[in-house]
Amino acid sequence: MAITDTSAPQGSAWVRLAVVACVTAVLLAGSFYLYQLSQPVFGAILLALATGFAIIFGAKRYYGARFIFPGVAAVLIFIAFPVAYTIYIGFTNYSSFNLLSYERTIEVLTARSSVDASTEQPFAVAAEDDAYRIWLPESGLLSDVVSLQDAQSAALTPANAPAVLLDRRDAIKLRSGLQALTLTTPDGTVIQNAGLRTFASLTPDFVRTGPDELTKSDGTILMANHETGFFVDQAGENVPPGWRVTIGWDNFARVFQSEGIRQPMVSVFIWTFFFATASVVLTFGIGLTLAVILQWPHLRFKALYRILLILPYAVPAFISILVFRGLFNQNFGEINLILEALFGIRPNWFTDGNLARAMVLIVNTWLGYPYMMLLAMGFLQSVPEDHKKAAALEGASALRVFFTITLPQIIPPFLPLLIASFAFNFNNLVLVFLLTRGLPDIPGTIIPAGETDILASFTYRLAFDNAGQQFGLAGAITLLIFLVVAAISYANFVAMRRAAQRRSGRANL
């Protein structure tokens, strides 16, 4: 009878289960930690990841799913979730004035206090073993011994100055403990830390007097408005900071109804569409032309020309953009120096809207033509020479051979790449941000918008480069951009499919 040794497979199974258990435990600990940090959404994502990992890698029946689980999890976490969260933000009032939660807003407001200048006096700290005493030199008062570890209170009594006092730098290191310390003077006055150098009597600016009510120190009643995300006084004025609330379609209504937003956004959209289209046409035209020239059999030093023409593609784009920013400098740039020497002109590249847009197109064409040239050099090799020779024998010129034989055969494989180039340039934030930062600004707008802004840079400036950062409005605009790009991509896909069907129909005939 044959004896089968099953110890090895069983041992490997136990090792696998141990690894799965360890990884799952780490993920669960991270989820619990995120929940403690008041990040329930991210905690839930990590919990779902831990659950999926434990089930798929722990059970043999889901063996096949182990190979796709990492990719699916990465897509859901790093693509689907950011997109969904951005769309959700578009339906909220999330901004620099509404960053907090409701409870955190109350904590911030009730933590505000006013200093009674008549009780303010400097202090020093004296060390005593592992504890400390607070010395008030103006009144000659010394506190009881305190540890400064937790919120504590201590009484002040008249005493002589301690022999040794901490340096100001050492006392500043105890700031967190000092801020939680409450001192009581012999006459019953309660004083607290009012800064790096003084203690004083502090009066709270706001006191919570109800579930949705705060009372100001002057008696003004503030009520929570959960529609706008602010506490509102009796005059209807908002008291910042506010909290995040869902406001429905209000951000989208602002985009379409506010002239100060709609007018620059329409202008930015038109320029974005023109910029993406012109960039594709220019880079494709120049790249294809150079590829055709490099295919000429009688051209000498072709290898050298290829290297020189590909150099812009080899240099990192952000370095080239910064170099061009210096070349186009209106006062000291080499381009204006040459133009002034030859024609006596000094164009205002960065302050004139039309010239700034032309500059952006020039730089983007320089960055993009090598890619198109490399593709065209490969596609041109696939065009049969017999077709060209037959057309030449029929008396067709070289130009006609190119447009009737060569170009129709390389356009089909080029189309997906041209569409991808259009989508890339539609969201080419890096170029605009590094070259012009969207400037010059469009006059008369209530939001930051520039002549060279494309939709991506316009949204970035609105969300992150503005004193009143409006993340909710930026999220709404991002959703609109997504819909526009999706519609354009779908239209291009339909056009490509129909063109392919027409070509196949003609081939069958």
Side-chain angles (χ1 to χ4, degrees), residues 97 99-224 230-235 237-243:
F97 298 105
L99 289 171
L100 309 175
S101 64
Y102 175 63
E103 292 299 330
R104 179 56 182 160
T105 299
I106 294 177
E107 291 178 8
V108 170
L109 289 174
T110 53
R112 293 179 180 176
S113 57
S114 300
V115 177
D116 184 355
S118 63
T119 62
E120 192 173 16
Q121 52 185 309
F123 74 95
V125 180
E128 187 169 320
D129 297 329
D130 293 333
Y132 303 91
R133 289 178 181 267
I134 308 302
W135 165 248
L136 304 181
E138 288 188 356
S139 56
L141 297 177
L142 183 66
S143 74
D144 297 334
V145 177
V146 290
S147 63
L148 296 183
Q149 295 296 325
D150 301 315
Q152 295 186 13
S153 60
L156 291 166
T157 55
N160 296 324
V164 180
L165 297 174
L166 296 181
D167 292 335
R168 179 60 56 183
R169 288 178 298 181
D170 295 328
I172 290 176
K173 296 178 182 178
L174 304 172
R175 184 179 180 183
S176 59
L178 292 171
Q179 289 177 334
L181 179 62
T182 300
L183 302 178
T184 306
T185 63
D187 61 0
T189 303
V190 177
I191 59 176
Q192 294 174 274
N193 184 231
L196 295 177
R197 297 179 179 274
T198 61
F199 267 75
S201 179
L202 303 179
T203 302
D205 291 343
F206 301 94
V207 177
R208 190 171 188 177
T209 54
D212 288 330
E213 179 182 286
L214 295 179
T215 301
K216 203 173 179 180
S217 56
D218 60 2
T220 303
I221 303 298
L222 306 179
M223 298 301 298
F230 282 102
F231 276 96
V232 182
D233 61 18
Q234 296 170 348
E237 295 293 330
N238 294 331
V239 177
W243 61 94

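- Atom CG of Leu178 and atom CD1 of Ile134 lie 5.0 Å apart (nearest 0.5 Å).
- Remark: side-chain polar atoms of Thr119 are paired, donor with acceptor, to backbone N or O of Ser201 under 3.5 angstrom.
- When the side chain to side chain contact (heavy atoms under 4.5 Å, CB included) test is applied to Pro204, the partners found at least two apart in sequence or on another chain are Val207.
- Sorted by first and then second residue, the salt bridge (charged side-chain N to carboxylate O under 4.0 Å, His left out) pairs with a member in residues 106-128 read Arg104-Glu107, Glu128-Arg133; sequence neighbours excluded.
- Residues passing the ring-ring contact (aromatic ring centres under 6.0 Å, His included) test with Phe199, sequence neighbours excluded: Phe123.
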Can I get a per-line list of side-chain donor-acceptor pairs under 3.5 Å for residues 169-177, giving both atom names and the distance, sequence neighbours left out?
none

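- Sequence neighbours left out, the pairs with a member in residues 194-220 that pass salt bridge (charged side-chain N to carboxylate O under 4.0 Å, His left out) are Glu103-Arg208.
- The side chain to side chain contact (heavy atoms under 4.5 Å, CB included) check on Ala155 picks up Asp144, with sequence neighbours excluded.
- Applying the ring-ring contact (aromatic ring centres under 6.0 Å, His included) rule to pairs touching residues 154-190 yields nothing, sequence neighbours excluded.
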What pairs of donor and acceptor atoms, side-chain ones from residues 179-190 against any protein atom, are under 3.5 angstrom apart with sequence neighbours left out?
{"residue": "Thr185", "atom": "OG1", "partner": "Asp187", "partner atom": "OD1", "Å": "2.3"}
{"residue": "Thr185", "atom": "OG1", "partner": "Thr189", "partner atom": "N", "Å": "3.0"}
{"residue": "Thr185", "atom": "OG1", "partner": "Thr189", "partner atom": "O", "Å": "3.2"}
{"residue": "Asp187", "atom": "OD1", "partner": "Thr189", "partner atom": "N", "Å": "3.2"}
{"residue": "Asp187", "atom": "OD1", "partner": "Thr189", "partner atom": "OG1", "Å": "3.1"}

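- Within the 4.5 Å cutoff, the side chain of Val115 has no heavy atoms near those of the Thr198 side chain.
- For Glu138, there are no salt bridge (charged side-chain N to carboxylate O under 4.0 Å, His left out) partners two or more places apart in sequence or in a different chain.
- A pairwise comparison of heavy atoms in Pro137 and Pro122 identifies CD-O, 3.4 Å as the closest pair.
- Counting heavy atoms from C-beta on, the side chains of Leu156 and Ile191 come closer than 4.5 Å.
- Every residue two or more places apart in sequence or in another chain that forms a side chain to side chain contact (heavy atoms under 4.5 Å, CB included) with Ser113 is listed here: Leu202.
- Residues that satisfy the side chain to side chain contact (heavy atoms under 4.5 Å, CB included) test with Asp233, not counting sequence neighbours, are Thr220, Leu222, Ala235, Glu237.
- Partners of Thr215 by side-chain hydrogen bond (donor to acceptor under 3.5 Å, both in side chains), not counting sequence neighbours, listed by chain and number: Thr209.
- A 4.5 Å side-chain heavy-atom check between Phe231 and Ile106 finds at least one atom pair inside the cut-off.
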